[in-house]
Structures are given as structure tokens and as C-alpha cells.
Amino acid sequence: MTPFTRIGRILKDGQPGTQVDVRGWVRTKRESKGGFAFLELNDGSSFASLQVVVDGGVPGYAESMKHLGTGASVRIEGEIKESPGKGQRVEVHAKTLEIYGLADPATYPLQKKGHSFEFLREKAHLRPRSNTFGAMARVRNALCAAIHDFYQSRGFLYVQTPIITTSDCEGAGQLFQVTTLDLARLAAKQGEAVDFSQDFFGKKAGLTVSGQLEAETYACALGDVYTFGPTFRAENSNTTRHLAEFWMIEPEMAFYDLNDNMNLAESFVRSIIKDVLAKCPDDLAFFNERIEPGLLDSLHHIVENDFVRLTYTEGVEILQKSGKAFEYPVEWGHDLQSEHERYLTEEHFKQPVILTDYPRAIKSFYMRCNEDGKTVRAMDVLVPRIGEIIGGSQREERPDILVERMRESGLNPDDYWWYLELRQYGTVPHAGFGLGLERTVQLVTGMQNIRDCIPFPRTPKNAEF
RNA sequence: UCCCCGAUAGCUCAACCGGUAGAGCGGCGGACUGUUAAUCCGUAGGUUCUUGGUUCGAAUCCAAGUCGGGGAGCCA
């Protein structure tokens with residue numbers, strides 16, 4: 001137990017007459033020269049702040065009030081009382097006021113009034129002190145807890161897959177290179193090939209773009225596993241839904257087919273949203289009111305209704321019959337454009353959609369080939385506003401076909417010798433998928449930009465902090 | 001990476017046809033015995049993103065660059 005009380009607790013069930021010690025940061029100060037002041041104190045334990053009434057009789061009142069402003073950190077000892085004012089059940093009447101640190105109002109960047117998210121991104125070290133980012137952090141935390149709960153309660157093993165990898169070309173995105181070689185010296189020796197045998201790992205290494213291949217090895221031994229860690233893509237992506245560093249949850253299940261995979265994905269998404277709705281009502285009410293009107297309705301709708309499931313081919317037919325003038329034509333064999341996905345999930349079905357059985361030419365080598373020879377057992381979960389939130393598939397467990405698909409994709413099977421051995425020794429049908437954590441935070445909070453759904457976003461030209 | 005848009009006070013923005021910059025908020029000073037983005041009065045605050053060009057004169061027009069936003073692609 002801490003020697004002080006967290007504000008969320010006081011607001012929830014603090015009883016009038018109780019003596020408390022609270023510590024936090026001043027959000028606003030409303031001063032009356034009549035001899036008292038109101039402080040809004042926030043310590044991150046809840047969305048709402050605590051109103052503290054500081055009477056002129058509190059020791060050091062005049063000196064404290066002269067300097068105290070938004071952003072200052074304080075300790076207050078006082079008594080909980082019923083609040084006569086509107087907007088709060090209880091408040092604290094201070095008996096003592098101790099200042100830990102002042103925040104010069106002339107230079108402190110956060111004002112009482114709202115700031116643009118662009119501005120706050122440049123103040124990533126201070127933005128958690130704002131309503132929006134405090135709420136985002138609590139929702140993100142609740143989501144992470146819900147994710148672990150979901151898998152732990154189903155007996156899945158949490159497996160840590162490597163962040164540094166030497167399997168180049170895992171099939172998704174560009175790798176950030178990891179090296180201890182002296183790049184300046186190499187640059188001076190232009191024209192000569194780089195000798196990676198001299199590098200730290202003895203070969204070219206990079207940051208992982210997916211833990212899937214390694215997760216498969218544990219699924220093919222222990223049954224149901226999941227990874228939950230950072231993922232890196234060195235793509236020059238400049239959009240509201242891409243990050244160079246993001247977090248991904250990748251469950252991988254032995255003896256699952258595509259249908260089992262879809263069932264898990266759907267109950268997963270619905271379950272974690274349900275948990276966050278229950279755990280973060282105040283934060284979500286704020287997002288619903290100030291960030292994305294209609295958010296709560298749309299989240300409840302997702303929780304309470306089945307996802308629509310259809311094949312890629314059926315999706316293409318719906319799009320072609322829609323009569324909608326798309327910027328890009330819909331043609332079987334081409335990947336669906338954002339506008340197509342959005343039409344399906346936002347206009348046609350108005351709820352999450354799981355698309356399956358994509359053309360094999362546009363999907364990764366590890367996805368299981370269908371008997372028709374044209375499609376693979378892939379699945380994408382599409383949600384309104386965000387688009388793709390999950391990508392997954394039943395994996396190709398037949399060694400000969402897998403090798404054929406690698407060659408088809410221009411990969412050298414020798415580089416994947418250990419992955420192929422999973423199929424040579426005791427191969428099993430299995431499936432899995434990847435859920436983007438930040439896209440889920442976007443979905444749940446209604447935040448427009450994924451850069452505001454992670455504490456310190458990494459995007460092209462941005463790795464400050 | 002491509003397309004479009006933008007960069008002016010601490011923040012959000014305005015400034016007509018090219019004539020040396022203005023508001024709200026915030027800050028500071030003052031008023032107010034219960035406020036809730038408090039209110040009211042006063043006040044200070046500017047290398048108009050950078051470099052170059054056109055012009056008697058550029059925040060304004062042109063070029064390049066940098067950074068930011070939206071859309072697209074890549075995907076989660």
C-alpha cells in the first residue's frame with residue numbers, strides 16, 4: 001500500500017470525512033482573490049480529475065498560489081467532503097499543500113485549452129498529461145490485458161519470438177538492417193561488396209517483420225501459442241494507419257483449419273472490445289463525445305453481432321454489382337483497394353467482414369493452396385474506418401507444395417530449411433493470424449491517426465524521444 | 001515513393017489586387033467569497049519555415065529544399 005491515495009479511488013468510493021494524502025499534477029487552477037482557490041488534480045488513475053479546494057488559511061497559500069499553475073506537481077493532505085458544486089460527487093479540502101515541482105506557465109507547452117494532435121506529437125513526452133493521451137494510454141493498457149486474458153484463459157502459451165532475425169524476405173515488408181559493421185568505412189569503400197561474414201551475426205540481419213514463422217515452430221510442438229511484441233517495417237509509409245514500429249499479436253494454432261481460425265479471430269476481437277468497454281467507461285465516453293461521435297454504438301454493434309464472412313470471389317462480385325464508381329476497377333486477381341474494402345465494411349454490410357480464399361498470386365507463400373489451384377486459404381478481417389485489422393491464413397503443411405510456392409515467390413527454400421523441417425517431421429494442419437495492436441487502439445478509441453495510438457510513434461523521419 | 005494541401009505571436013488562425021502583421025486563447029498585471037474550457041478590465045509578445053529569384057517594394061508571386069497534414073501504394 002502506498003502512503004497516499006490514488007485519485008480514481010477517491011472519486012469512485014471516497015467517503016466524506018476521510019483524511020487523505022493525494023499527489024498529482026495540476027490540470028487547472030481557478031483562483032479567487034477572495035481568499036481561496038480550486039485545483040484540478042490528476043494523477044492518471046482516472047480520466048476525471050479531483051477538485052481540491054485550497055483555503056487561504058492553508059500554510060504558504062499566498063506564495064504557493066502565486067507560482068502554481070497547470071503542470072505543477074503537488075502533494076495535498078486534506079479531507080474528503082461532499083461537493084456543493086456541480087460536476088463532482090466529492091472534493092478534497094486541503095489542510096496542507098506541498099509543491100514537488102513548478103511548471104513555469106510562460107513556457108509550459110500544455111494549456112488548459114485543447115491542442116492539435118500535430119502539436120502534441122511534437123511534445124510526446126508531455127502529451128500523456130493531456131486528457132486524450134491519458135485516456136489512450138489507459139485504453140491501450142486495458143486492451144493489452146484483455147489480449148493476454150483472452151489467450152491465457154484458453155490455455156494458449158505466450159511465446160517470445162526473436163526481434164532480430166536473419167531470415168530475409170519473410171514475405172512482408174522491408175527489413176531494418178541490424179549491423180555492427182562500420183558503415184562510414186564501408187561507404188568509403190564504394191564498389192566493393194559487403195562481407196557480412198564479418199558482421200555480428202555472420203550474415204545479414206534485420207529487425208523482425210513478423211514472428212509468425214518462429215511461432216509456427218512452437219505451435220507445431222505445443223498446440224496453441226501466441227506472440228505479442230514489437231514488429232518493424234522499413235517501408236516508406238506515410239498514412240494514418242502505418243507505423244515503422246508497431247505491436248502485433250500473432251496466435252498460431254496446431255490442428256486449426258481456416259474456419260477454426262476465423263472463429264478464433266472473431267471471438268478475439270469481440271472479446272477484447274467487450275472487456276475494454278467494461279474496464280474504461282469514462283475514457284471511452286470521452287472518446288465518444290470529443291473524438292468520434294457514435295463510437296460507443298459502433299463498438300457495441302461489433303460486440304453484439306456476428307461478422308460477415310465471404311470469399312474474395314464473392315466480395316469481388318458484390319463490388320462489381322454495386323454500381324459504385326470506384327477510382328480503381330474491381331477485377332478478380334487484383335488485390336482489393338482501400339476504397340473497395342471500405343465499401344464492403346462501411347456501406348454494404350456496415351459491420352466487420354472476414355474475406356477468405358484470395359488469389360494465390362497475390363498472397364504469401366506459406367498460405368495453404370486450395371484444391372481449385374487458384375486460391376489460398378487466406379483471411380483478412382476488415383473493420384469500418386480502419387480497414388484491415390487482421391491478416392491470417394491456414395498454413396501450407398504439405399512440404400512439396402510449400403517448396404513449390406517458395407520457388408513461385410522467388411524465395412530460396414534452402415534459406416527456410418528449419419521451416420520446411422516442420423513439414424518433413426510430423427507435419428500438421430495449422431493456422432494463425434496477426435492483429436495490429438495500434439489499429440485496434442484506433443478502432444476502440446476512434447482516434448484518426450495511428451501515430452496517436454502509441455506512446456512514441458516511429459514513422460519515416462520521426463524517431464525523436 | 002506518388003498526388004493534393006499547408007507552414008504567420010506560446011497555441012489555433014486571419015491579413016482582399018504585392019504597399020513593413022491582427023484576433024481569440026494562453027502568459028503577465030488587476031477585479032471578483034463556490035469555480036468547472038470561470039468571467040470582466042488592462043498589457044506585453046513577430047527573423048511571417050529556409051535559401052535563392054522577380055519587384056521601387058514580398059507574409060503575399062516564382063524555383064528549390066525542409067518539415068507537417070490528407071489521400072494512394074505497401075500492410076497489421
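To find a chain, count down the sequence lines: A is the first, B the second, and so on, and within it residues start at 1.
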Please report, rounded to the nearest Å, how far the [atom2] atom of [N] is from the [atom1] atom of [X].
X	N	atom1	atom2	result
A/M379	B/A76	CE	C1'	12 Å
A/R140	B/A76	CZ	P	17 Å
A/H115	B/C25	NE2	P	15 Å
A/Q88	B/A38	CD	C1'	13 Å
A/R27	B/A38	CZ	C1'	18 Å
A/K112	B/U12	NZ	C1'	18 Å
A/L382	B/C75	CG	C1'	12 Å
A/K86	B/A37	NZ	C1'	17 Å

Chi-based syn or anti call at B/U20, which uses purine or pyrimidine torsion atoms and a 90° bound = syn
For A/V308, does its backbone N or O pair with a side-chain atom of A/Q351 as donor and acceptor, under 3.5 Å?
-> no
Would you call A/E98 and A/R75 a salt bridge, taking side-chain N to carboxylate O under 4.0 Å as the test?
-> yes
Under-4.0 Å salt bridge between A/E31 and A/K29 = yes
Pair partner, B/A63 [Watson-Crick or wobble, under 3.5 Å] | B/U51
Is it the case that A/R154 places NZ or CZ above or below the six-membered ring of A/F150, under 6.0 angstrom from the centre and within 45 degrees of the axis?
-> yes
With no angle test and no hydrogens, is the base of B/U35 tied to the side chain of A/Q51 by a donor-acceptor pair under 3.5 Å?
-> yes
Under-3.5 Å donor-acceptor pair between A/R30 side chain and B/C32 base = no
Walk me through it: do A/F246 and A/R439 pass the test side-chain contact (heavy atoms from CB on, under 4.5 Å)?
-> CA-CA 9 Å; A/F246 63 100; A/R439 286 189 183 175; over 6 Å; no
Quantified in whole Å, what is the P atom distance between nucleotide B/C25 and nucleotide B/C61?
-> 30 Å
Same-atom distance (P) from B/A38 to B/U60, integer angstrom = 38 Å
Quick tally for nucleotides 64-72 of chain B: nucleotides whose base has a protein heavy atom under 4.0 Å get B, sugar-phosphate-only ones S, the rest -, giving ---SSSSBB
When A/E438 is tested against each of A/R451, A/R140, A/R458 for salt bridge (Lys or Arg N to Asp or Glu O under 4.0 Å), which residue passes?
-> A/R140
Evaluate the side-chain proximity of A/V376 to A/S393: yes if any heavy-atom separation is below 4.5 Å, no if none is.
-> no
Has A/F36 got its ring stacked on B/G34, by the test of a centre gap below 5.5 Å and a plane angle below 30°?
-> no
